[in-house]
2 protein chains.
Amino acid sequence: MPADEWRPPSILLAVDLVILTLRDAHLTVLLVQRGTDPYRGALALPGGFLRDEHEDIEAAARRELSEEAGLADVHLEPLGVYGEPGRDPRGRVVSVAYLAISPHLPEPVAGTDAAGASWTPVDDALSATTALAFDHRRIIADGVERARAKLEHTALATAFCAETFTLSELQQVYEAVWGVELDPRNFYRKVQGARGFIVAEGPMRKPSNGRPARLFRAGPVKELYPPMTRP
Amino acid sequence: MPADEWRPPSILLAVDLVILTLRDAHLTVLLVQRGTDPYRGALALPGGFLRDEHEDIEAAARRELSEEAGLADVHLEPLGVYGEPGRDPRGRVVSVAYLAISPHLPEPVAGTDAAGASWTPVDDALSATTALAFDHRRIIADGVERARAKLEHTALATAFCAETFTLSELQQVYEAVWGVELDPRNFYRKVQGARGFIVAEGPMRKPSNGRPARLFRAGPVKELYPPMTRP
DNA sequence: TAAATAGTGTCTCTCAGACAATATCGA
DNA sequence: TCGATATTGTCTGAGAGACACTATTTA
């Protein structure tokens with residue numbers, strides 16, 4: 001053992017946020033353009049450092065989300081830790097990533113701190129042609145995979161529809177997030193078989209042609225049984 | 001914005017290890033007795049601080065495992081982050097937890113640094129009567145749940161058997177980790193139906209009474225299809 | 001022989017995927 | 001009427017759980 005006293009090293013703790021929503025039938029992620037080095041000008045996840053040593057990590061995530069994107073009241077869930085040495089040229093930075101999946105998120109407001117934020121389809125963000133800061137491509141990929149899995153066994157999808165919705169609208173949510181096409185007839189059977197997932201309402205008219213669809217609303221159940229399995 | 005320059009706070013980064021093995025048909029976790037404050041004398045997961053600011057987090061986990069328990073060459077997987085303010089009275093400590101699940105782990109050797117380490121059945125560790133340091137009971141619970149899930153869709157269970165094994169020996173692994181009893185007949189059908197999970201060998205004799213059982217060895221597949229579902 | 005463990009077969013459900021058939025709208 | 005979309009139904013096959021039954025050993 002060393003005679004002189006050893007002290008554990010200090011590191012910097014950051015939070016990064018993967019905010020997913022559906023825009024125009026595409027799964028999109030909120031990205032900000034970096035205004036400072038490193039990676040100045042590149043796209044990055046909203047996030048930042050803990051404000052002070054007593055700040056709760058999830059609270060820091062909410063604060064950054066509010067400051068950088070003007071968003072509040074979203075449900076965050078822990079996604080993972082990213083702490084490889086060298087991932088940030090400024091020093092040893094360990095980042096805790098959070099995931100939010102939410103509909104109805106507003107467009108970032110120009111003229112505010114959120115002006116640098118924008119929605120990017122995840123397919124674009126994950127393609128190698130988009131320049132992303134740090135290891136954020138990996139973090140986004142992990143978040144997208146988590147979102148796809150959540151659609152399978154939770155009632156999350158109904159949150160992306162209006163208060164009442166048709167089953168084909170709900171199907172479009174699944175198709176957009178999973179990136180696959182589903183058979184409407186099997187989808188109907190499956191979604192109706194998940195106990196407490198959706199409850200029937202009245203019928204509606206369709207703006208264009210075709211038979212009018214029944215309306216449903218979200219049921220009381222949050223965990224789906226049986227689950228909606230991905231093809 | 002403040003006129004004086006703001007600096008992000010420094011925090012301490014720790015690693016904690018949930019090392020699970022099977023001993024005497026019980027799922028057990030490796031715990032060490034703390035020799036220093038805080039929680040001096042209480043049981044805790046092996047772990048500690050990053051040695052220096054350039055050490056990789058998983059490397060730190062391996063080093064602590066070697067120092068505190070004399071173990072090497074185990075497969076570690078990330079389990080989660082635990083960073084609530086106040087979880088450690090020494091200051092702001094964020095811990096990254098790793099999980100290892102392995103058979104054939106040696107008894108900690110007395111007279112070495114590992115002398116303070118011991119195997120504890122997880123049922124004991126999770127019961128409220130055992131005094132555990134920090135939030136380690138929660139971390140252990142998360143690790144056990146992860147282990148149970150891994151048995152469902154990976155071939156991990158064969159690693160807990162000898163090179164050749166009977167199906168009832170394999171069944172005992174599942175029963176010990178899941179903490180349930182399984183129907184041997186349905187277990188046979190299920191395990192044989194998982195393609196590439198096990199391959200047949202010759203028959204063997206049983207030390208006591210009963211019909212001799214066939215021997216199997218681990219197959220080439222690591223991801224089970226179809227999975228072994230928990231009851 | 002009996003007791004004990006190993007292994008097979010069978011029955012019934014539930015669910016998945018494919019897809020035929022019917023219902024109800026607008027034009 | 002037709003074209004489009006919604007909804008129901010049907011068939012087949014895989015897998016789960018319950019459990020009867022057969023097989024092979026030791027005592």
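Excluded from the calculations below are hydrogen atoms, water molecules and symmetry mates; all remaining heavy atoms, backbone and side chain alike, are included. Below, chains carry the letters A, B, ... as their sequence lines are ordered, and counting in each starts from 1.
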Inset, instruction - Find the distance B/Phe187:CZ to D/dG15:P and express it as a whole number of Å. - result: 16 Å

Legend entry - Separation of atom CD in A/Glu152 from atom P in C/dA16, rounded to whole Å: 11 Å

Legend entry - By side-chain hydrogen bond (donor to acceptor under 3.5 Å, both in side chains) - contacts of B/Asp56 (at least two apart): none

Inset, instruction - Quick one: do B/Leu170 and B/Ile198 satisfy side-chain contact (heavy atoms from CB on, under 4.5 Å)? Show the steps, please. - result: CA-CA 10 Å; B/Leu170 186 62; B/Ile198 52 170; 4.3 Å; yes

Inset, instruction - Look at B/Arg189 and C/dA6 and indicate whether a side-chain polar atom (N or O) is within less than 4.0 Å of OP1 or OP2. - result: no

Legend entry - Euclidean distance, atom OH of residue A/Tyr188 to atom P of C/dA18 [Å, nearest integer]: 18 Å

Inset, instruction - To the nearest Å, give me how far apart NZ (A/Lys190) and P (C/dA18) are. - result: 10 Å

Inset, instruction - Write down the distance between CG (B/Asn186) and C1' (D/dC19), rounded to a whole number of angstrom. - result: 8 Å

Inset, instruction - Quick one: which residue pairs count as a ring pair (Phe, Tyr, Trp, His ring centres under 6.0 Å) with a foot in residues 192-231 of chain B, not counting sequence neighbours? - result: none

Legend entry - Residue-level proximity of residues 153-185 of chain B to DNA chain C when a heavy atom falls under 4.0 Å: B/Ser168, B/Arg185

Legend entry - B/Asp16 side chain to B/Ser95 side chain, donor-acceptor N/O pair below 3.5 angstrom: yes

Protein-nucleic acid N or O pairs under 3.5 Å, nucleotides 25-27 of chain C:
none

Inset, instruction - Under 4.0 Å from any atom of DNA chain D, heavy atoms only: list the residues of residues 214-231 of chain A that qualify, in numerical order. - result: A/Arg214

Sequence neighbours excluded and cut-off under 3.5 Å, please list the side-chain donor-acceptor pairs for residues 73-82 of chain B, or say none.
from	atom 1	to	atom 2	distance (Å)
B/Glu77	OE1	B/Lys150	NZ	2.6
B/Glu77	OE2	B/Arg146	NH1	2.8
B/Tyr82	OH	B/Asp142	OD2	2.5

